[in-house]
Amino acid sequence: MSAIACGSVLVSCSSDDDGGGSSTASVTPRPTPPNTSNFTGTPPSAIASAASSIIASASERAESAAASLEARASEFAASVSADTARAAATAEKQLKDVQGSGNATSEVSMKGVPTAETGGLRAVLVTITNTTDETASYAVQIDFKNPDGKVVETKFVGEENLEPGKKVTPIVISRQPVEPQLTAVLAKAQRY
């Protein structure tokens, strides 16, 4: 029986491949990495995919917020535009029968707004100050004149029920082309 045990040991020993004998154990070849020299682009990674998803989500939220902000800005502009149009119509009506330059030119001043701040539009900041002791309303006419002195555009602004000592600063915007250069002139200012 010891011969059988020894034979088993010999068989076991002979299964080790020491370079000199045959082996009955199977050898699995080691896998080789792919040849990446033929690949184009960059393989996607989990981080890149997640980042791309986050950027897309943030972009969608930003677009949604921008659309909402643009809608609110449009509503505000429409509201301001309606108020401005109403004030302009009231001012024009009040100035219709005013002879000369009116009774409130000393209470109105003007200052040009740089075109860099207005997107290239010609604009004038009009300051109306109630220097009286009573609440008053104002109507102002601004004429835009070309280099020859000809009025090419007229704008009206106004303020109703301005309290004593208070001032407002509406902006008048010309819709005329940038060239030729125009000059804004205070044509009339009436307190009523």
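Worth knowing before you read on, the calculation uses all heavy atoms, side chains too, and leaves out hydrogens, waters and symmetry mates. All values derive from a computational prediction rather than experimental measurement.
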Going by the side-chain hydrogen bond (donor to acceptor under 3.5 Å, both in side chains) test, which pairs reach into residues 116-130, not counting sequence neighbours? N130-T132, N130-Y138

Taking all non-hydrogen atoms of both residues, which atom of A87 and which atom of G158 are closest, and how far apart? CB-O, 4.0 Å

With hydrophobic residues grouped by side-chain heavy-atom distances under 4.5 Å, do F144 and F156 end up in a single group? no

Do you know which two heavy atoms are closest between V124 and A184, and how far apart they sit? CG2-CB, 3.5 Å

Same apolar cluster: L95 and M110, side chain cutoff 4.5 Å: no

Side-chain heavy atoms of L186 within contact of I142, under 4.5 Å: yes

Hey, could you give me each pair passing side-chain hydrogen bond (donor to acceptor under 3.5 Å, both in side chains) that has a residue in residues 140-154? Not counting sequence neighbours. Q141-D143, D143-T154, E153-S174

If I compare all heavy atoms of L162 with all of I128, which pair ends up nearest, and what's the gap? CD2-O, 3.8 Å

Residues passing the salt bridge (Lys or Arg N to Asp or Glu O under 4.0 Å) test with E92, sequence neighbours excluded, are none

Side-chain heavy atoms under 4.5 angstrom apart, residues restricted to Ile, Leu, Val, Met, Phe, Trp, Tyr: same cluster for V168 and V108? yes

Tell me, with the steps shown, if R86 and E160 meet side chain to side chain contact (heavy atoms under 4.5 Å, CB included). CA-CA 11 Å; R86 184 188 57 75; E160 293 180 317; 3.4 Å; yes

side-chain hydrogen bond (donor to acceptor under 3.5 Å, both in side chains): which pairs involve residues 183-192, sequence neighbours left out? E107-R191

Which other residues end up in the same hydrophobic cluster as I173, if Ile, Leu, Val, Met, Phe, Trp and Tyr are linked when side-chain heavy atoms come under 4.5 Å apart? V113, L121, L125, I171

Checking S137 now: which residues fulfil side-chain hydrogen bond (donor to acceptor under 3.5 Å, both in side chains) with it, not counting sequence neighbours? none

